[in-house]
Q: 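Below is a structure I'd like to ask you about.
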Amino acid sequence: QVQLEESGGGLVLAGGSLRLSCTASRGSLSNYGLAWFRQAPGKEREGVSCIASAGLSDTYIDSVKGRFTISRDDAKNTVYLQMNNLEPEDTGTYYCARRRATGVYNEHRFCASDPGMYDVWGQGTQVTVSS
């Protein structure tokens, strides 16, 4: 059973940067869409960014466009989220996730916004941005 582990979270001042990493063990990420979600206290989990297999496409929520960059290194079985110019509103627990195979040909290679379309999740890493 593939497992995901996030790292790189921490406490940072507004305007600062962090780089999150998510590495898989006991399985591969290379043929799957991969996403970063976040959840702030009292709020629902929201998709932040997603990258399709082979980096064919990537998506971002409006609030992070121009500040966050998602990337992947399939040789290292790792997906990254570079977060620049962080804002207090970015505070939350960040989770990486791997697309669910649905039986529709190659669908698992692409991005989806619905958390239900992902079946492998990491434990999360905390990001706190102070003003």
Side-chain angles (χ1 to χ4, degrees):
Q1 177 74 15
V2 62
Q3 295 182 331
L4 303 180
E5 183 174 4
E6 302 96 339
S7 61
L11 172 64
V12 65
L13 292 174
S17 297
L18 287 173
R19 188 193 195 204
L20 305 184
S21 299
C22 171
T23 299
S25 58
R26 305 183 199 174
S28 174
L29 299 179
S30 62
N31 292 323
Y32 293 85
L34 304 170
W36 287 95
F37 289 79
R38 68 185 179 190
Q39 188 165 21
K43 294 187 177 181
E44 292 186 356
R45 189 170 298 190
E46 66 173 350
V48 175
S49 182
C50 178
I51 186 166
S53 67
L56 291 175
S57 63
D58 54 42
T59 62
Y60 301 89
I61 54 172
D62 287 344
S63 62
V64 308
K65 285 181 180 177
R67 301 188 296 120
F68 290 12
T69 303
I70 191 170
S71 61
R72 62 191 297 160
D73 186 339
D74 289 339
K76 295 182 178 180
N77 242 2
T78 300
V79 59
Y80 305 96
L81 187 67
Q82 177 67 44
M83 306 187 296
N84 298 328
N85 194 19
L86 282 159
E87 302 170 354
E89 293 74 22
D90 296 317
T91 294
T93 303
Y94 283 68
Y95 302 88
C96 62
R98 193 188 77 169
R99 272 298 304 271
R100 176 191 307 276
T102 64
V104 176
Y105 182 69
N106 274 344
E107 185 177 49
H108 60 281
R109 294 179 177 269
F110 299 99
C111 291
S113 59
D114 181 359
M117 297 301 289
Y118 297 82
D119 64 347
V120 182
W121 293 81
Q123 293 299 308
T125 185
Q126 178 66 35
V127 172
T128 304
V129 184
S130 64
S131 56

Q: Could you measure the distance from the CZ atom of Arg99 to the CZ atom of Arg109? Nearest 0.5 Å is fine.
A: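 Here the rounded value is 12.0 Å.
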Q: Please, which pairs that meet salt bridge (charged side-chain N to carboxylate O under 4.0 Å, His left out) have at least one residue in residues 50-72, sequence neighbours excluded?
A: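 Non-adjacent pairs meeting salt bridge (charged side-chain N to carboxylate O under 4.0 Å, His left out): Asp62-Lys65, Arg67-Glu87, Arg67-Asp90, Arg72-Asp74.
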Q: Answer yes or no: are there more than 12 heavy-atom neighbours, outside Glu5 itself, under 6.0 Å from its atom CD?
A: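 Atom CD in Glu5 is not crowded, with 12 or fewer foreign heavy atoms closer than 6.0 Å.
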Q: Under the side-chain contact (heavy atoms from CB on, under 4.5 Å) criterion, do Arg38 and Ile61 qualify, and how do the steps go?
A: CA-CA 11 Å; Arg38 68 185 179 190; Ile61 54 172; 3.8 Å; yes
Q: Within a radius of less than 6.0 Å around CD of Gln123, do more than 12 heavy atoms belonging to other residues, nucleotides or ligands occur?
A: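 Open: at most 12 neighbouring heavy atoms sit under 6.0 Å from CD of Gln123.
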Q: So, does Glu6 use its side chain to make a donor-acceptor pair with the main chain of Leu20 at under 3.5 Å?
A: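 No; judged by distance alone, with no hydrogens or angles, the pair does not exist.
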Q: Could you tell me whether a side-chain N or O of Tyr118 sits under 3.5 Å from a main-chain N or O of Ala112, the two making a donor and an acceptor?
A: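 Yes.
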Q: Nearest 0.5 angstrom please: Thr91 OG1 to Leu86 CG, how far?
A: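 It comes to 8.5 Å.
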Q: Within this structure, what is the CG-NE2 distance for the pair Asp119 and His108, rounded to the nearest 0.5 Å?
A: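 Nearest 0.5 Å value for the CG-NE2 distance: 10.5 Å.
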Q: Between OG1 of Thr69 and OH of Tyr60, what distance do you get to the nearest 0.5 Å?
A: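 Rounded to the nearest 0.5 Å, the OG1-OH separation comes out at 4.5 Å.
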Q: Looking only at heavy atoms, which two atoms of Ser28 and Arg98 are closest? And how far apart?
A: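 Closest heavy-atom pair between Ser28 and Arg98: O-NH1, 3.2 Å.
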Q: Between Phe68 and Trp36, does the ring centre distance come in under 6.0 Å?
A: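 Centroid distance Phe68-Trp36: not below 6.0 Å, so no.
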Q: Return the OH to SG distance between Tyr32 and Cys111, rounded to the nearest 0.5 Å.
A: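 Reported to 0.5 Å precision, the distance equals 15.0 Å.
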Q: So how far is it from Met83 CE to Arg19 CZ, rounded to the nearest 0.5 Å?
A: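 Spacing of CE (Met83) from CZ (Arg19) equals 11.5 Å.
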Q: Return yes if a side-chain donor-acceptor contact under 3.5 Å exists between Thr23 and Asn77, otherwise no.
A: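 No donor-acceptor contact under 3.5 Å links the two side chains.
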Q: I need the minimum non-hydrogen distance between Ser71 and Ile51, along with the two atoms involved.
A: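 Of all heavy-atom pairs spanning Ser71 and Ile51, the closest is CA-CD1, 4.0 Å.
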